[in-house]
Amino acid sequence: MLGATRTGALVDKVSIPPLDNELSPVGKRNWKNGVELIKTCMATHDTATYVFSPVAIVYPPLMSMRRGLSPEIVHFRIPSDGLDSSTYAPADWYIKGARPGESPPYDARYMLRPETVESLFLAYRLTGDQLYRDHGWKIFQSIEKHCKIVTGGYATVVNVDENPVRHEDKMETFLMSETLKYLYLLFDDSDTLPLDKYVFNTEVSDFSE
């Protein structure tokens with residue numbers, strides 16, 4: 001989405017969100033792909049670690065947003081996967097090898113990764129759409145509920161399809177340097193480190209253009 005407003009732009013300053021006549025055909029394609037990719041990312045957060053929000057009672061759209069912690073790796077259904085005969089056949093995506101009652105595979109863990117919240121931060125800055133903040137808030141709530149350790153710090157969740165969760169005694173450094181930083185920026189004012197004046201490296205260190 002960010003690239004669509006840069007290399008795919010027909011004007012010097014693109015609106016928030018972009019107007020149809022401000023993007024080239026390639027820019028429109030890339031923008032649409034970015035929006036759909038975020039939808040796919042958010043779908044993989046529909047796991048047993050979601051946190052119910054009482055606000056959903058008065059704000060119905062939140063009822064369908066079961067946003068918890070996403071697994072490390074997902075696989076998407078293809079016609080030849082042979083899963084249709086299974087009692088637990090998933091509709092769209094699944095965690096490979098995650099069978100009820102068995103030890104969870106490496107794929108099933110949540111390692112406090114930043115990539116989804118990074119995408120939500122960029123999407124919100126580029127669109128102003130509250131939906132991306134709503135997604136980010138639910139992910140943050142799930143991190144606080146399921147990953148936070150009473151004695152201090154946060155830990156990897158072994159299986160996102162278990163609730164209550166089990167932890168691995170490990171906190172990745174990118175939680176502090178990236179995940180929480182992007183969540184902070186998602187909810188901060190948009191004039192903090194504006195995207196037209198700063199770029200971020202892979203560890204969210206900012207550089208003035």
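All residue numbers refer to positions in the sequence shown, counting from 1.
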If we ignore hydrogens and angles and just use 3.5 Å, is the side chain of [X] paired with the main-chain N or O of [Y] as donor and acceptor?
X      : Y      : answer
Glu22  : Leu19  : yes
Ser70  : Thr44  : no
Thr49  : Gly68  : no
Asp129 : Leu131 : yes

Query - Set of side chain to side chain contact (heavy atoms under 4.5 Å, CB included) partners for Pro194, sequence neighbours left out - result: Asp196, Lys197, Tyr198
Requested in this report: Tell me, please, which residues at least two apart from Trp137 pass side chain to side chain contact (heavy atoms under 4.5 Å, CB included).
Outcome: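 Phe140, Gln141, Phe187.
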Requested in this report: Anything under 30° is parallel, anything over 60° is perpendicular, the rest tilted; go ahead and classify Phe121 against Tyr182.
Outcome: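 Plane angle between 30° and 60°, so tilted.
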Side-chain heavy atoms of [X] within contact of [Y], under 4.5 Å:
X      : Y      : value
Leu122 : Tyr132 : no
Lys96  : Tyr94  : yes
Tyr110 : Cys147 : yes
Leu180 : Phe174 : no
Thr7   : Val26  : no
Asn159 : Val165 : no
Thr192 : Leu185 : yes

Query raised in the report: Same cluster or not: are Val117 and Met176 linked, directly or through other Ile, Leu, Val, Met, Phe, Trp or Tyr residues, by side-chain heavy atoms under 4.5 angstrom apart?
Result: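 Same cluster.
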Requested in this report: Indicate if Leu2 and Val14 have the same hydrophobic cluster label, given that clusters are the connected sets of ILVMFWY residues with side-chain heavy-atom separations under 4.5 angstrom.
Outcome: no
Query - Derivation of the side chain to side chain donor-acceptor pair (under 3.5 Å) call for Thr156 and Glu172 - result: CA-CA 8 Å; Thr156 291; Glu172 300 287 352; 5.0 Å; no
**Report entry** side chain to side chain contact (heavy atoms under 4.5 Å, CB included) evaluation trace for Asn30 with Met1
**Finding:** CA-CA 6 Å; Asn30 292 342; Met1 293 171 72; over 6 Å; no
Query raised in the report: For Thr47, which of Ile95, Asn163, Val160 qualifies under side chain to side chain contact (heavy atoms under 4.5 Å, CB included)?
Result: Val160
Mind checking the [atom1]-[atom2] spacing from [X] to [Y]? Nearest 0.5 Å is all I need.
X      : Y      : atom1 : atom2 : value
Leu120 : Leu183 : CG    : CG    : 8.5 Å
Ile16  : Arg125 : CD1   : CZ    : 9.0 Å
Ile143 : Lys138 : CD1   : NZ    : 13.5 Å
Arg109 : Arg166 : CZ    : CZ    : 10.0 Å
His135 : Gln130 : NE2   : CD    : 11.0 Å
Leu112 : Glu178 : CG    : CD    : 11.5 Å

Nearest heavy-atom pair of [X] and [Y]: which atoms, and what distance?
X      : Y      : value
Leu23  : Ala9   : CD2-CA, 4.2 Å
Val158 : Pro104 : CG1-CG, 3.6 Å
Gly27  : Ala4   : O-CB, 3.3 Å
Lys28  : Asp20  : CE-O, 3.0 Å

Query raised in the report: Should side-chain heavy atoms under 4.5 Å link Ile, Leu, Val, Met, Phe, Trp and Tyr, which residues sit in the same cluster as Leu10?
Result: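 Reading the cluster by chain and number, Leu10 sits alone, since nothing else belongs.
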**Report entry** Residues forming a ring pair (Phe, Tyr, Trp, His ring centres under 6.0 Å) with Tyr154, sequence neighbours excluded
**Finding:**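 Partners of Tyr154 by the ring pair (Phe, Tyr, Trp, His ring centres under 6.0 Å) criterion come out as none, since no residue qualifies.
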Please output the side-chain donor-acceptor pairs of residues 72-80 that fall under 3.5 Å, not counting sequence neighbours, one pair per line with the distance.
| residue | atom | partner | partner atom | Å |
| --- | --- | --- | --- | --- |
| Glu72 | OE1 | Arg113 | NE | 2.9 |
| Glu72 | OE2 | Arg113 | NE | 2.9 |
| Glu72 | OE2 | Arg113 | NH2 | 2.9 |
| Arg77 | NE | Asp81 | OD1 | 3.4 |
| Arg77 | NE | Asp81 | OD2 | 2.5 |
| Arg77 | NH1 | Pro90 | O | 2.6 |
| Arg77 | NH2 | Asp81 | OD1 | 3.3 |
| Arg77 | NH2 | Asp84 | OD1 | 2.6 |

Could you tabulate the donor-acceptor pairs under 3.5 Å formed by side-chain atoms of residues 36-43, not counting sequence neighbours?
| residue | atom | partner | partner atom | Å |
| --- | --- | --- | --- | --- |
| Glu36 | OE2 | Lys39 | NZ | 3.3 |
| Thr40 | OG1 | Glu36 | O | 3.1 |

Requested in this report: Take atom CG of Asn21 as the centre, draw a 6.0 Å sphere, and report whether it contains more than 12 heavy atoms from other residues, nucleotides or ligands.
Outcome: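 It does: Asn21 CG has more than 12 such atoms within range.
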Requested in this report: Begin with the C-alpha distance, continue with both residues' side-chain angles, and end with the deciding distance and a verdict on side chain to side chain contact (heavy atoms under 4.5 Å, CB included) for Asp134 and Tyr124.
Outcome: CA-CA 10 Å; Asp134 292 340; Tyr124 177 75; over 6 Å; no
